[in-house]
Amino acid sequence: MTIGVIDQAQLITSCAPDLAQVFTRWINWLTLEKRMSRHTVTAYTTDVQGFFTFLTGHTGTVISLNALCDIRLADARAWLSRLTLNGAAASSRARTISSVKNFVKWMDREGIAHVPVIAHLRTPKLPHTLPKALGEGQTDVILAEIGEAAPGDWRMARNLALFSLLYGAGLRIDEALQLNVKDWPLEDFLRVTGKGNKMRQVPLLPVIKTLITAYRAVCPFAETGTRPLFIGERGGRLNAGMAQKHLRALRVILDLPETTTPHALRHSFATHLLQNGANLREIQELLGHASLSTTQRYTDVDLKYLQDVYNKAHPRHDKTDS
């Protein structure tokens with residue numbers, strides 16, 4: 001397998017051939033053995049490539065495998081300082097450090113090389129962020145707005161079906177866009193391939209099945225089992241960026257917050273289920289989270305929501321003791 005996620009010419013100029021060969025093996029390991037998503041592999045390899053490029057410029061020589069093993073703590077700290085000066089946020093720096101550590105740990109496990117300096121790098125502390133969910137009324141407005149245009153425009157029928165699936169079944173945008181026609185079930189459960197190539201089943205509401213059927217009926221491209229379920233204007237698989245663009249346009253029209261994204265529909269699915277009585281274990285299974293701690297973020301969202309409701313509704317709120 002050859003590298004498909006980074007530029008080969010850039011790789012050659014940013015590190016020596018011996019390091020480039022090892023780097024290629026690591027990318028293949030991420031892709032074939034760890035089965036990471038394309039987006040994750042691209043992020044990891046771009047981060048490590050940037051590290052190589054910095055070291056090459058910093059040391060004045062194209063970085064080799066031996067030179068990488070001999071870098072000083074001062075060199076690594078200079079790299080982190082450069083990331084900060086370039087405006088990288090704490091979350092971006094944390095991900096970049098994680099990518100480089102992953103590469104170095106893999107080399108160590110494989111008996112290829114040992115880079116002790118990297119283990120001493122500290123990851124920036126990140127603020128505790130909550131998922132940005134929409135209100136139930138906001139999701140209704142989005143779907144209603146698309147639904148008004150859907151009867152006369154197959155693309156709007158597609159968007160309605162897609163966004164309803166994200167909100168109604170809690171899918172990630174990539175999970176939905178990777179579906180082919182043959183994947184659409186006759187029964188009331190959809191089998192989804194999530195992160196780490198893990199399979200899960202999610203229940204389908206009758207309204208979602210109805211909207212998918214309506215979209216397929218007006219889609220101008222012939223169906224085969226291997227054809228993507230959600231099609232772009234030129235007949236290829238719909239791109240996640242285009243789906244985001246369509247929702248961004250609606251956000252402006254409807255004066256919705258900037259956090260209105262396809263992924264926010266998935267967050268809204270989980271938050272609204274929790275608010276209406278579902279337990280965390282059930283939501284974990286539906287979302288395909290490997291760890292319950294990831295799902296527990298939604299309890300914070302729910303508590304914040306309840307606090308807001310309380311503050312607005314309680315008659316004694318904002319009143320001082322007399």
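The figures that follow rest on heavy atoms only: side chains count, while hydrogens, waters and symmetry mates do not.
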For [X], look at atom [atom1] and say whether over 12 heavy atoms of other residues, nucleotides or ligands are found less than 6.0 Å away.
X	atom1	value
Arg122	CZ	no
Gln21	CD	no
Glu187	CD	yes

What's the spacing between [X] [atom1] and [Y] [atom2] if we round to 0.5 Å?
X	Y	atom1	atom2	answer
Met242	Arg248	CE	CZ	9.5 Å
Leu256	Leu250	CG	CG	8.5 Å
Leu179	Leu238	CG	CG	12.0 Å
Ile173	Gln244	CD1	CD	7.0 Å
Leu160	Asp153	CG	CG	11.5 Å

Item to check | Qualifying residues under salt bridge (charged side-chain N to carboxylate O under 4.0 Å, His left out), relative to Glu148, sequence neighbours excluded | outcome: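 Glu148 satisfies salt bridge (charged side-chain N to carboxylate O under 4.0 Å, His left out) with no residue once adjacent residues are dropped.
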Checklist entry - What residues form a salt bridge (charged side-chain N to carboxylate O under 4.0 Å, His left out) with Asp183, not counting sequence neighbours? => result none
Checklist entry - Is the closest basic N to carboxylate O distance between Arg172 and Asp174 below 4.0 Å? => result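 Salt bridge: no.
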Checklist entry - Can Arg72 and Asp75 be counted as an ion pair, charged N to O under 4.0 angstrom? => result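 Salt bridge present between Arg72 and Asp75.
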Item to check | ring-ring contact (aromatic ring centres under 6.0 Å, His included) evaluation trace for Phe23 with Phe52 | outcome: CA-CA 10 Å; Phe23 189 40; Phe52 294 161; 5.2 Å; yes
Given side chains that start at C-beta, do those of [X] and [Y] come closer than 4.5 Å, heavy atoms only?
X	Y	result
Pro257	Gln138	yes
Leu254	Ile142	yes
Asp47	Phe103	no
Trp26	Ile112	no
Leu211	Phe163	no
Arg227	Cys219	yes
Gln178	Arg237	yes
Phe51	Leu83	no

[X] side chain to [Y] backbone, donor-acceptor under 3.5 Å:
X	Y	result
Arg266	Gly170	yes
His272	Leu134	yes
Tyr215	Leu229	yes
Asn239	Gly241	yes
Asn180	Lys182	no
Arg191	Met199	no
Ser98	Ala94	no
Ser64	Ala16	no

Next on the checklist: Over 60° means perpendicular and under 30° means parallel, so tell me whether His263 and His267 are parallel, tilted or perpendicular.
Outcome noted: perpendicular
Next on the checklist: Testing Thr40, Val48, Val41, Thr46 one by one against Tyr44 for a side-chain contact (heavy atoms from CB on, under 4.5 Å), which residue passes?
Outcome noted: Thr40
Item to check | Closest approach of Arg158 to Ile231 (non-hydrogen atoms, all atoms of both residues) | outcome: NH1-O, 2.8 Å
Item to check | Taking every non-hydrogen atom, the tightest pair across Asn66 and Asp18 | outcome: N-OD2, 4.4 Å
Item to check | Arg25 charged N/C atom sitting above Trp29 aromatic ring, 6.0 Å / 45° | outcome: no
Checklist entry - Would a hydrophobic clustering, with Ile, Leu, Val, Met, Phe, Trp and Tyr connected at side-chain separations under 4.5 Å, put Met156 with Val207? => result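 Cluster IDs for Met156 and Val207 match.
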